[in-house]
A.B. asks: 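First the structure, which I've put down as structure tokens, then a few questions once you've had a look.
Proteins get letters first, then strands, A, B, ... in listed order; numbering begins at 1 in each. What's counted below: heavy atoms across the whole structure, side chains too, no hydrogens, waters or symmetry copies.
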2 protein chains.
Amino acid sequence: MGKITIRDVAREAGVSISTVSNALNDVDVLNPVTKSHVLKVAQRLNYVPNLNGKLLKTGKTNMLGFFTTSVSGPYFYKLVESMARECDRFGYGLNVFVTKDKHVVMSNILGRRVDGVIIYEELKIDEKDINAMKKDKIKAVFLDRVLQNETMGSVIFDSYEAGYEATKYLIGLGHKKIVYISGVDTMFDSVQRKEGYLAALNHYQLPTNEEYILQGYFEEEGTYNAVKSFLHLHPDKLPDAFLAGNDLSAIGCIQALKTHGYEVPLDISVMSFDDIDIAPYFTPPLTTVRNQIARQGILAIDHLVRMIQKKEQGVVQKLVGELIVRGSTHLKIDRNDHK
Amino acid sequence: MGKITIRDVAREAGVSISTVSNALNDVDVLNPVTKSHVLKVAQRLNYVPNLNGKLLKTGKTNMLGFFTTSVSGPYFYKLVESMARECDRFGYGLNVFVTKDKHVVMSNILGRRVDGVIIYEELKIDEKDINAMKKDKIKAVFLDRVLQNETMGSVIFDSYEAGYEATKYLIGLGHKKIVYISGVDTMFDSVQRKEGYLAALNHYQLPTNEEYILQGYFEEEGTYNAVKSFLHLHPDKLPDAFLAGNDLSAIGCIQALKTHGYEVPLDISVMSFDDIDIAPYFTPPLTTVRNQIARQGILAIDHLVRMIQKKEQGVVQKLVGELIVRGSTHLKIDRNDHK
DNA sequence: AAATAGCATAAAAACGTTTTCAATACAATA
DNA sequence: TATTGTATTGAAAACGTTTTTATGCTATTT
């Protein structure tokens, strides 16, 4: 005996399938005794509606899709956690697609696998696909990418401002030679922070320097290696401070400095972005620009749900960072007794 | 004009919908010229098949479901990342449901939202629901929970062994008073580790002590608070070492010890479980029992896919930990000049 | 020339629901 | 009594596919 369907319930209860459907979906048109009888039979048979049959008719999957190139690391787990919980709150499930294959992405989006989508910028969906989505009236919210029309919105961090403010703070501590550790040069946040960093240097009339921009790939190991090779190549150009693309990068940076015998923050200040969970527990505790990652996820889902259910227009929402001063930065000290 | 369907393609190409279906699905029964003509028309109309129509007929959603109470923290992001990538490799998408509502879980599982499911143990699916799944021949793999029958398998860590080995290692360093910081007492891994810890103490004829078992909830803050209050309540009962339920817990523990002026590992050793990404970058770098979290995810998906596609039986797979010695543990030192 | 086989395509059924609309029964009204 | 209205239920269409079966050819065989 296969899976039991609405038909089985109807037969067993001696009614039509439309009556069963009405009973299950609380359509108040039924005689109460019929309804309760049908429900009892459904219960007895352990009937569970096939969601696929249902959605084919209604056109609603009750699923939202998150399309991304990665879910690894503290940024993503905060994001996914907050989105998944918010979905659950609205009665949606979250579909996570981790892929770089645009065809997979588009066939799942246009194939109506989900009622709406959240798209991480690194996927770099192109103009043509954006138009296809627009034409099909796909509801979408982009993360870390500005895009707006009737059916699409964005939630971004003001990373330019964050980069500017962080740099300004370091300059305020007396630091002049500041190295920026970039993440990935194709990513919006990474370049925005760099732009802000450069603008701040400019504004305070400090020289910018190509050699003072490293590539750390937003993670510990990449940054560790980048900083080590920088220290090796330019032992004469020791900077006053490092501005790392995110907290993980700062952690790798600090570790590299330690192995070279430098003390953070007394010898060199390090600051970064995000304020991930372990930032206050690290030694030294990280000075960082806090990004409300969970908030980004929540805003994205809320916006998407409103676009779907209330036909709201897409908007761009910008989150501003908050400077969190902890122990990895310090006033510039001139040490003559330097080892 | 709404979404274009297979019917539109058929009309436009002047063929029947079955011909279109055959052309799109590479059924080699068609005249090559018909086929290429149909494909050209489909392309021109930007036709994308509705996956819901398809799956209703085929009964395959090409989705696997991950049902969990949380996706927060390093354990889960490793797990989700590895599962999602493995799914992508097999042409599946991953559906992540973060919920504690068993009804949501069961209606999505039994409602055939997905072709197979991965279930995190903390959900504690009960006997009745297990039977319902078994009856419906739902393919399932449980994480951190032992369960096996024709359609269900498990992937677990040997946490008893890990707890035993970790404790044995600490004892070998000369530590006698060892505090265990438990995670959550309803969770399999947490209690297994504790059992192993107790067994090791027993084996080496060291006393066990109820006061030496704290509750740290598997995260920094909970452990930080638990350790602080322990130190406050029992200043006389300072242990030689802490065995934390996971690395996050160790981080909170070390931080608490630092604020009380103790140095890790010279005054007190701390070790833990997992070996998360930042473990080697922490100060001190963490001695820990490595769990192959990504491997767990991969094994789970592979097993599930084989059960679905090759009708394989469910089995229990056990992953063993690996002791990683770093800087947070040290030989017991008797300091007479103790502050 | 009739029967058979093989190929390409079309028609129709099916998947499991929801929803629209028609049908029935019965009470209330004229 | 005939008519209308109301409450309840059932029949059938629809959602967009795949798949099974049927059909119409042409070519081959007898």
Side-chain angles (χ1 to χ4, degrees), chain A residues 1-39 41-42 45-63 107-115 136, chain B residues 1-39 41-42 45-63 107-115 136:
Chain A
M1 180 213 63
K3 176 77 183 158
I4 61 168
T5 74
I6 198 172
R7 222 168 295 272
D8 301 312
V9 179
R11 181 167 2 88
E12 187 72 12
V15 297
S16 72
I17 61 172
S18 30
T19 298
V20 176
S21 177
N22 285 331
L24 291 167
N25 293 298
D26 251 346
V27 179
D28 58 349
V29 67
L30 253 41
N31 184 324
V33 342
T34 318
K35 175 168 164 183
S36 84
H37 170 238
V38 168
L39 291 180
V41 171
L45 298 183
N46 291 316
Y47 169 68
V48 178
N50 180 312
L51 298 171
N52 302 320
K54 178 170 197 150
L55 74 86
L56 181 57
K57 183 65 207 196
T58 61
K60 302 271 151 254
T61 63
N62 278 311
M63 285 280 143
S107 84
N108 278 289
I109 292 179
L110 299 176
R112 300 304 157 97
R113 170 77 23 100
V114 291
D115 295 344
D136 276 11
Chain B
M1 179 213 62
K3 177 76 182 159
I4 61 169
T5 74
I6 198 172
R7 222 168 296 270
D8 300 312
V9 178
R11 182 167 2 89
E12 188 72 13
V15 298
S16 73
I17 61 173
S18 31
T19 299
V20 176
S21 177
N22 284 332
L24 291 167
N25 294 299
D26 252 344
V27 180
D28 58 349
V29 67
L30 253 41
N31 184 324
V33 342
T34 319
K35 175 167 165 182
S36 86
H37 170 237
V38 169
L39 290 180
V41 171
L45 298 184
N46 290 317
Y47 170 69
V48 178
N50 180 313
L51 298 171
N52 303 320
K54 178 172 198 149
L55 73 88
L56 182 56
K57 184 63 205 191
T58 61
K60 302 270 152 256
T61 64
N62 278 311
M63 285 281 141
S107 82
N108 278 289
I109 292 180
L110 299 177
R112 301 304 157 97
R113 170 80 17 103
V114 291
D115 295 345
D136 276 11

A.B. asks: Looking across every strand, which nucleic acid part, if any, lies under 4.0 Å from A/G111 by heavy atom: base, sugar-phosphate, or nothing?
C.D. replies: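 Counting heavy atoms under 4.0 Å across all strands, no contact is made by A/G111.
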A.B. asks: Which heavy-atom pair separates B/N62 from B/D115 by the least distance, and what is that distance?
C.D. replies: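 The answer is N-OD2, 2.8 Å.
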A.B. asks: B/S18 has a side chain; which of C/dT18, C/dA12, C/dT9 sits nearest to it?
C.D. replies: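 Taking heavy atoms from C-beta onward, the closest nucleotide is C/dA12.
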A.B. asks: Taking atom P of C/dT19 as reference, at what distance in whole Å does atom CG of A/L24 sit?
C.D. replies: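 Interatomic distance, CG of A/L24 to P of C/dT19: 13 Å.
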A.B. asks: Would you tell me if any nitrogen or oxygen in the side chain of A/S21 comes within less than 4.0 Å of OP1 or OP2 on C/dT18?
C.D. replies: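 Result: yes.
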A.B. asks: What is the distance, rounded to the nearest whole Å, between atom CD1 of B/I6 and atom C1' of C/dA11?
C.D. replies: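 Going from CD1 in B/I6 over to C1' in C/dA11 covers 14 Å.
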A.B. asks: Separation of A/N22 atom CG from C/dT20 atom C1', in whole Å?
C.D. replies: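 So the two atoms are 11 Å apart, to the nearest Å.
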A.B. asks: Check each of A/V38, A/I17, A/V29 against A/N22 using the side-chain contact (heavy atoms from CB on, under 4.5 Å) test, and report the only one that passes.
C.D. replies: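 One option only clears the test, and that one is A/V29.
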A.B. asks: By nearest nucleotide on DNA chain C, pick out whichever of B/S16 and A/G53 is the more 5' one.
C.D. replies: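 Residue closer to the 5' terminus by nearest nucleotide: B/S16.
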A.B. asks: Rounded to whole Å, please give me the gap between CG in A/L30 and P in C/dT19.
C.D. replies: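 So the two atoms are 14 Å apart, to the nearest Å.
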A.B. asks: Taking only side-chain N and O atoms of A/N25, does any of them lie within less than 4.0 angstrom of OP1 or OP2 on C/dT18?
C.D. replies: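 So the side-chain polar atoms of A/N25 do come within 4.0 Å of the phosphate oxygens OP1 or OP2 of C/dT18, strictly under.
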A.B. asks: For B/N50 and A/R112, indicate whether the former's side chain and the latter's backbone hold a donor-acceptor pair under 3.5 Å.
C.D. replies: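 No; judged by distance alone, with no hydrogens or angles, the pair does not exist.
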A.B. asks: Using 4.0 Å as the upper bound for N to carboxylate O, is an ion pair formed by B/K35 and B/D28?
C.D. replies: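 Here B/D28 does not pair with B/K35 in a salt bridge, since their nearest N and O are not under 4.0 Å apart.
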A.B. asks: Heavy-atom distance under 4.5 Å between the side chains of B/T61 and B/R113, does that happen here?
C.D. replies: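 They are not in contact (no side-chain heavy atoms under 4.5 Å apart), so the answer is no.
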A.B. asks: I need the minimum non-hydrogen distance between A/A42 and A/L24, along with the two atoms involved.
C.D. replies: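 Looking at all heavy atoms of both residues, the shortest contact is CB-CD2, 4.3 Å.
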A.B. asks: So where does chain A start and stop touching DNA chain D, 5' to 3', when the test is distance under 4.0 Å to a non-hydrogen atom?
C.D. replies: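 Under 4.0 Å from chain A, the extent on DNA chain D is D/dT8 to D/dG16.
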A.B. asks: Looking across every strand, which nucleic acid part, if any, lies under 4.0 Å from A/L51 by heavy atom: base, sugar-phosphate, or nothing?
C.D. replies: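 No contact at all - A/L51 keeps every heavy atom at 4.0 Å or more from the nucleic acid.
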A.B. asks: Rounded to the nearest Å, what distance is computed from the CZ atom of residue B/R7 to the P atom of nucleotide C/dA10?
C.D. replies: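 One finds 14 Å between P of C/dA10 and CZ of B/R7, rounded.
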A.B. asks: Between B/L56 and B/V27, which residue's closest nucleotide on DNA chain D lies nearer the 5′ terminus?
C.D. replies: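 So the residue in question is B/L56.
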A.B. asks: Determine the contact category for B/T58: base if any of its heavy atoms lies under 4.0 Å from a base atom, sugar-phosphate if only primed atoms, P, OP1 or OP2 are that close, otherwise nothing.
C.D. replies: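 Sugar-phosphate only.
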A.B. asks: Do B/N108 and B/V114 come close enough that some side-chain heavy atom pair is under 4.5 Å?
C.D. replies: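 A side-chain contact is absent here, since even the closest heavy-atom pair is not under 4.5 Å.
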A.B. asks: Could you state the CG-P distance from B/D28 to C/dT9, rounded to the nearest angstrom?
C.D. replies: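 Interatomic distance, CG of B/D28 to P of C/dT9: 13 Å.
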